[in-house]
Amino acid sequence: MNQADAITNIINKQAANLNEAEQSIYEHIYQNLRRLAKIQKYKIKNQPVDTTMLVHEAWIKLKKNDKAYNDRAHFFAVASLAMKHILISQAQKNKLKLADVPALDFTADEQALMREIDWLLDIDQRLQKVEHLSPRLADVFVFRFFGGMTHAEIAHVFEVDVRTIDRDWKKIKVLLATAVTN
């Protein structure tokens, strides 16, 4: 069994059933999820979801699925989708909370938060429109933007050449920029 297969087996096992070496790798996987969550903090500056909460919510979603992962890339692709869903859901909840507050009464922090929420929800709406045209392009964006995956990792997930993902990345950026919402 090669190292990638060993890591995949560990991802698919329950934490309580791991030996000490496997626990170490499990911790490494957790730290990678934390890294992904921190990336989101830099992209979405005023997000009301803290890193630990995002990681734990994503972990719960990943384990609740009770699905086996093909490899490391597949696991992080699914983790990207989980983080996206969590962030969008939280943005929608926060928008509802702030909906009752007149815009003139917003503090500077609330105004910044509302701009971030609107921006994130706009990306999601645009992404949904693109998804109808090409689910793979939408996934490429989610894996890259929400999961911080490299083009090589995404290419591995889709079993295509990296150049294909490079082209997809350029296409999705144009499609998102030109997608009209509402």
Side-chain angles (χ1 to χ4, degrees), residues 32-33 35-51 53-67 69-70 73-101 103 106 110-182:
N32 271 320
L33 284 175
R35 181 185 57 77
L36 293 178
K38 284 182 182 180
I39 289 170
Q40 294 312 313
K41 280 301 231 191
Y42 291 110
K43 288 182 183 171
I44 308 167
K45 303 215 181 337
N46 294 303
Q47 84 170 263
V49 181
D50 74 6
T51 302
M53 185 273 224
L54 183 56
V55 169
H56 290 180
E57 290 290 321
W59 189 256
I60 289 167
K61 268 185 171 280
L62 292 166
K63 291 319 249 176
K64 191 188 300 183
N65 285 343
D66 197 30
K67 96 192 249 187
Y69 300 99
N70 300 334
H74 181 224
F75 174 80
F76 283 105
V78 175
S80 302
L81 290 168
M83 286 188 184
K84 173 197 174 263
H85 290 290
I86 292 162
L87 291 169
I88 297 299
S89 175
Q90 192 64 41
Q92 290 167 335
K93 286 177 189 172
N94 287 328
K95 184 157 182 127
L96 285 175
K97 280 184 204 172
L98 294 172
D100 294 336
V101 179
F106 280 170
E110 289 171 330
Q111 288 174 358
L113 176 61
M114 250 342 239
R115 282 192 300 273
E116 290 286 332
I117 288 170
D118 288 340
W119 174 76
L120 188 59
L121 294 176
D122 182 59
I123 285 176
D124 185 51
Q125 285 181 337
R126 290 170 187 258
L127 200 53
Q128 288 174 27
K129 290 185 184 297
V130 170
E131 192 170 27
H132 291 297
L133 299 171
S134 172
R136 185 177 83 195
L137 285 179
D139 284 345
V140 166
F141 181 81
V142 170
F143 298 164
R144 182 90 176 112
F145 184 82
F146 290 98
M149 294 175 71
T150 66
H151 288 194
E153 290 169 326
I154 297 168
H156 177 77
V157 169
F158 288 113
E159 297 177 345
V160 298
D161 192 87
V162 174
R163 291 182 312 236
T164 301
I165 300 303
D166 291 339
R167 286 190 300 273
D168 286 352
W169 181 245
K170 289 174 186 168
K171 284 181 208 170
I172 187 64
K173 289 193 304 184
V174 169
L175 285 171
L176 286 176
T178 59
V180 178
T181 58
N182 294 332

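Summarising the geometry of Ser80 relative to Gly147, their closest heavy-atom pair is OG-CA, 2.9 Å, with the distance given to 0.1 Å. When all heavy atoms of Ile117 and Ala91 are compared, the pair lying nearest together is CG2-O, 3.5 Å. Contact between Arg144 and Met149 at its shortest, heavy atoms only, is NH1-O, 3.0 Å.
Residues Lys93 and Leu96 fail the side-chain proximity criterion, which asks for heavy atoms closer than 4.5 Å. With contacts defined as side-chain heavy-atom distances shorter than 4.5 Å, the pair Leu81/Phe143 qualifies. Residues Arg126 and Asp122 have side chains in contact (heavy-atom distance under 4.5 Å, counting atoms from C-beta outward). Residues Trp169 and Ile172 form a side-chain contact, since some pair of their non-hydrogen atoms from C-beta on lies under 4.5 Å apart.
Atom-to-atom distance recorded for Ile165:CD1 and Lys171:NZ is 9.5 Å, nearest 0.5 angstrom. Put simply, NE2 on His156 and CD on Glu159 are 7.5 Å apart, with the number rounded to the nearest 0.5 Å. Residue Phe146 holds its CZ atom at 7.0 Å from CG of Leu127, rounded to the nearest 0.5 Å.
Checking side-chain atoms of Thr178 against main-chain N and O of Val174 turns up a donor-acceptor pair under 3.5 Å.
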Throw together a table of side-chain donor-acceptor distances under 3.5 angstrom for residues 133-142, partners on residues two or more places apart or in other chains.
from: Ser134; atom 1: OG; to: Leu137; atom 2: N; distance (Å): 3.2
from: Arg136; atom 1: NE; to: Asp168; atom 2: OD2; distance (Å): 2.8
from: Arg136; atom 1: NH2; to: Asp168; atom 2: OD1; distance (Å): 3.2
from: Arg136; atom 1: NH2; to: Asp168; atom 2: OD2; distance (Å): 2.8

Check your understanding: Hey, mind stepping through Lys129 and Leu175 against side chain to side chain contact (heavy atoms under 4.5 Å, CB included) and telling me if it holds?
Key -> CA-CA 9 Å; Lys129 290 185 184 297; Leu175 285 171; over 6 Å; no
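Residue Asp124 forms a side chain to side chain donor-acceptor pair (under 3.5 Å) with just one option from Lys84, Gln92, His85, and that option is Lys84.
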